[in-house]
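Below: one structure, written as structure tokens.
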Amino acid sequence: MDLLDTLTAKGLRGEIPTREEALAVLATSDDELLDVVAAAGKVRRRWFGRRVKLNYLVNLKSGLCPEDCSYCSQRLGSKAEILKYTWLKPDQAADAARAGVAGGAKRVCLVASGRGPTDRDIDRVTDTMAAIKEADPQVEICVCLGLLSDNQAERLKAAGADAYNHNLNTSEGTYGDITTTHTYADRVDTVQKAHGAGLSACSGLIAGMGESDEDLVDVVFALRELGSDSVPVNFLIPFEGTPLAKEWNLTPQRCLRILAMVRFVNPDTEVRIAGGREVHLRSMQPLGLHIANSIFLGDYLTSEGQAGQADLDMIKDAGFEVEGAGEATLPRHRADVAAAAAGSCGTAASACGGGGCGPCGGHAHTPEAEAAPAAQAPTAEGAADELRSDLVKVRRRGAGTELAPNA
Ligand code: SF4
């Protein structure tokens, strides 16, 4: 049986591939791309039908972070000309959230820059969640506030949060090259704290930071092991004024291969195309919907996405449908596993997803990979010829401005 038949059969049974098979997906050629998308699409439809979950980001506190995550426009020393503001008031955040829900979002992702919240910050977010749920009790809320201290996850859960987002971002082996002010282990600890408190765990990655195929596979398997219910796949938005501004390493084809690999390793988990969708997939975005079952509606934290209406039109034109508020995201068996891991009932865990603090290679050694043409996966040097900084548009509307949100 060839690679794609094997991966499809495994995915339809909810089984995950071997590490070698995952690497081989990343090493497939451009000639095989539509076959890769079709195989991942079968797995996607088995567990998620044609539904697309919409998530809406509200940046509660923007910029001025003391941490040094290289990919982030809000980092210490960032020269990116992003919006900078401190905590939105609960009614301001609720107004922004309402616009996203009116546009079809099922989940609102409340994000704040910073190393982690103080207990006073947890109070602020508690008030904000109350304001949002007062307007729409059904809306799911995912909170993303950085590293959590003891008992903060429990407080967020008690206040009505459904999920907590904290991305691993990259492999353990390369984490220290990306960030020095906290560790990979710190990030794992926060995901475990959130999960242990009964919050649905949302944790994903950022591709395009110069990592190898092995790094990508490492982080995706680590996310699976951690029990992330939702895996946001960010494609680096290389902001001018950040250390990774020149890292234009991705092509639309490479992004689709990465999404397919993430889907095969997470057949029955929410896979979300997150930051960088428009910048890197460009006109290939609709093909991404055949693999991922979730996207962000409208704008990102510090950059603008395409118009919310364009997102909705794309979903409809590609033959998909927006997931409704009453529909469970995860398949039942997966929601039960998530609930058991969290030590809670299945209700909250079946409604999972999340946002993100931040924008959210090599080759395999298998016979399949060795037989594949080596024309894909551009190197950093190769891609540097094709800087597309014109595609990165700093967010100037929505939360923290006088202008209406894009939803
Ligand atoms: S990703 Fe989060 S912690 Fe890191 S610099 Fe950006 S806002 Fe700060």
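Order of listing sets the numbers, starting from 1, for every ligand and every atom in it. None of these values were measured; they are calculated from a predicted model.
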> Are the side chains of Trp248 and Arg388 in touch, meaning some heavy atoms are under 4.5 Å apart?
Replying inline: yes
> In terms of heavy-atom contacts, does NZ of Lys10 have more than 12 from other residues, nucleotides or ligands at under 6.0 Å?
Replying inline: yes
>> Donor-acceptor check, side chain of Glu278 to backbone of Gln306, threshold 3.5 angstrom: yes or no?
In response: yes
> With backbone taken as N, CA, C and O and side chain as the heavy atoms from C-beta onward, which portion of Cys65 lies under 4.0 Å from ligand 1: side chain, backbone, both, or neither?
Replying inline: side chain
> Within the side chain of Thr401, is there an N or O that forms a donor-acceptor pair under 3.5 Å with the backbone of Gly398?
Replying inline: yes
>> Quick check against the 3.5 Å criterion: does Glu327 have a side-chain atom that pairs as donor or acceptor with the backbone of Gly324?
In response: yes
> Which atoms from ligand 1 have a heavy atom of Gly114 less than 4.0 Å away?
Replying inline: 3 (S), 7 (S)
> Got an N, O or S from Cys72 under 2.8 Å of atom 4 (Fe) of ligand 1?
Replying inline: no
> Would the His195 and Tyr164 ring centres measure less than 6.0 Å apart?
Replying inline: no
> Which atoms from ligand 1 have a heavy atom of Arg75 less than 4.0 Å away?
Replying inline: 5 (S)
>> Show the atoms of ligand 1 that are less than 4.0 angstrom away from any heavy atom in Tyr71.
In response: 1 (S)
> With a 4.0 Å cut-off on heavy atoms, is Ser73 touching ligand 1?
Replying inline: no
> Which ligand 1 atoms are under 4.0 Å away from a heavy-atom of Ser113?
Replying inline: 7 (S)
